[in-house]
Number of protein chains: 2
Amino acid sequence: MQTQTNNTTATEQMIKQVINSWTSQNRAVTSFFNKYNDDAYLNEVAPGRNRAIYLLGHLVATNDSLLPLLGLGDKLYPQLEIPFQATADDKKKDTIPSVAELKQYWEKVNATLTEGFSKMLSHDWLDKHTKVSAEDFALDPSRNKLTVLLGRTNHQSYHLGQLNFLKADLKA
Amino acid sequence: MQTQTNNTTATEQMIKQVINSWTSQNRAVTSFFNKYNDDAYLNEVAPGRNRAIYLLGHLVATNDSLLPLLGLGDKLYPQLEIPFQATADDKKKDTIPSVAELKQYWEKVNATLTEGFSKMLSHDWLDKHTKVSAEDFALDPSRNKLTVLLGRTNHQSYHLGQLNFLKADLKA
């Protein structure tokens, strides 16, 4: 029994740490978008590259897609998929949501994910995610929810590295 | 017993996936540095930012520091700490190793880490890393080797996002 208890604790500890890793990158993105005036995020993060506002929309849309993928519910903002995931940053288009709106969406998606994570048990993370069939999952048990979260954590870090190149003193 | 076996399998599966996440980002960095001629990596990744060669040295030095931190041995290239971790990219200095040399170091560090990881048992990952005291670890059991690997995985993704801004067609 002692060993079993220790192992249960071990899986819980591991999941907690993977979620903490997610949260740390998520908060670093939040801090970045609270650092400057909203106008600064209309700049490209580097010459000829995506605007910071586009990367914010892209990160909201990507995190939002975790809700159905982890079986936590429907996307909150499905309308963001086309402008921020399916298409590149169209710098002439001014029909995308404002920085202030995207920041609200970011908070809402993250709060919804945090609530969802809090209800998941350790073994839920090793269950298949919703886009893989039972047959394919049987062949490769790593196609589970934990892998999805690890991937999305790296995705946040990847774009955070790019966002930190933004020069906020340029005129938008 | 069944439950205990399942939990042991669960911890092993989780560790494997965290290592896979590390490996996927590590390989993406390797692919990036095999994409162009060595001269291309002498360019800054964006105007006024680090050169790609500096980021390669920085990633080698950071990954190398995992060896002592995880208790897997001494650093292989301690001489990289000053130019690539303690100091910013000094673009006028030509005393740093060449791209070809750094790529060799990168391969050697990664092969040594992979070998070290293969010898670690699941519970080793939940042991304290070598830079935290037993007292501090007792207060915060998340200061373990798994947290270190998760952090270094994000670190690779962060700089990979920046490296992918490199325009290889510029003259170095």
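Each chain gets a letter, A, B and so on, in the order its sequence line appears, and its residues count up from 1. Predicted, not measured: the structure shown is a model, and the values here were computed from it.
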Peer 1: Using a strict cut-off of less than 4.0 Å between a Lys/Arg side-chain nitrogen and an Asp/Glu carboxylate oxygen, indicate whether K119(A) and E115(A) qualify as a salt bridge.
Peer 2: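 Salt bridge flag = yes for E115(A) with K119(A).
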Peer 1: Quick one: which of M14(A), Q156(A), H159(A) has the most heavy-atom pairs under 4.5 Å with chain B, could you say?
Peer 2: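 With the most close heavy-atom pairs to chain B, the winner is M14(A).
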Peer 1: Is there a donor-acceptor pair under 3.5 Å between the side chain of D124(B) and the backbone N or O of L121(B)?
Peer 2: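 Answer holds: yes.
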Peer 1: Please classify the contact of L126(A) with chain B as side chain, backbone, both or neither, using a heavy-atom distance under 4.5 Å.
Peer 2: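 L126(A) touches chain B through side-chain heavy atoms alone.
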Peer 1: Could you tell me how the ring of F33(B) sits relative to the ring of Y41(B): parallel (under 30°), tilted (30 to 60°) or perpendicular (over 60°)?
Peer 2: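 Geometry flag for Y41(B) against F33(B): tilted rings.
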Peer 1: Please answer whether the main-chain N or O of S98(A) pairs with a side-chain N or O of E101(A) as donor and acceptor at a distance below 3.5 Å.
Peer 2: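 Yes.
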Peer 1: Which residues in residues 54-67 of chain A have a heavy atom less than 4.5 Å from any heavy atom of chain B?
Peer 2: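 Residues qualifying by a heavy atom under 4.5 Å from chain B are absent, so none.
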Peer 1: Any side-chain to backbone donor/acceptor pair from T130(A) onto L70(A)? Under 3.5 Å, distance only.
Peer 2: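 No, because the side chain of T130(A) does not come within donor-acceptor range (under 3.5 Å) of the backbone of L70(A).
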Peer 1: Testing the basics here: between W106(B) and T30(B), what is the closest heavy-atom pair and its distance to 0.1 Å?
Peer 2: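 Shortest heavy-atom separation between W106(B) and T30(B) comes out as NE1-OG1, 2.9 Å.
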Peer 1: For N144(B), which atoms come within 4.5 Å of any heavy atom of chain A: side chain, backbone, both, or neither?
Peer 2: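 Contact with chain A involves the side chain of N144(B) alone.
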Peer 1: Could you go step by step and tell me if Y158(A) and N154(B) meet the side chain to side chain donor-acceptor pair (under 3.5 Å) rule?
Peer 2: CA-CA 8 Å; Y158(A) 181 96; N154(B) 293 340; over 6 Å; no
Peer 1: Return yes if a side-chain donor-acceptor contact under 3.5 Å exists between N50(A) and K91(A), otherwise no.
Peer 2: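 No, K91(A) and N50(A) have no side-chain donor paired with an acceptor closer than 3.5 Å.
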Peer 1: Chain A heavy atoms under 4.5 Å from L146(B): which part of the residue, side chain, backbone, both or neither?
Peer 2: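 Answer is both: backbone and side chain atoms of L146(B) are under 4.5 Å from chain A.
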Peer 1: Tell me the residues of residues 17-28 of chain A whose non-hydrogen atoms fall below 4.5 Å from those of chain B, in number order.
Peer 2: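 Hits under 4.5 Å: Q17(A), V18(A), S21(A), Q25(A).
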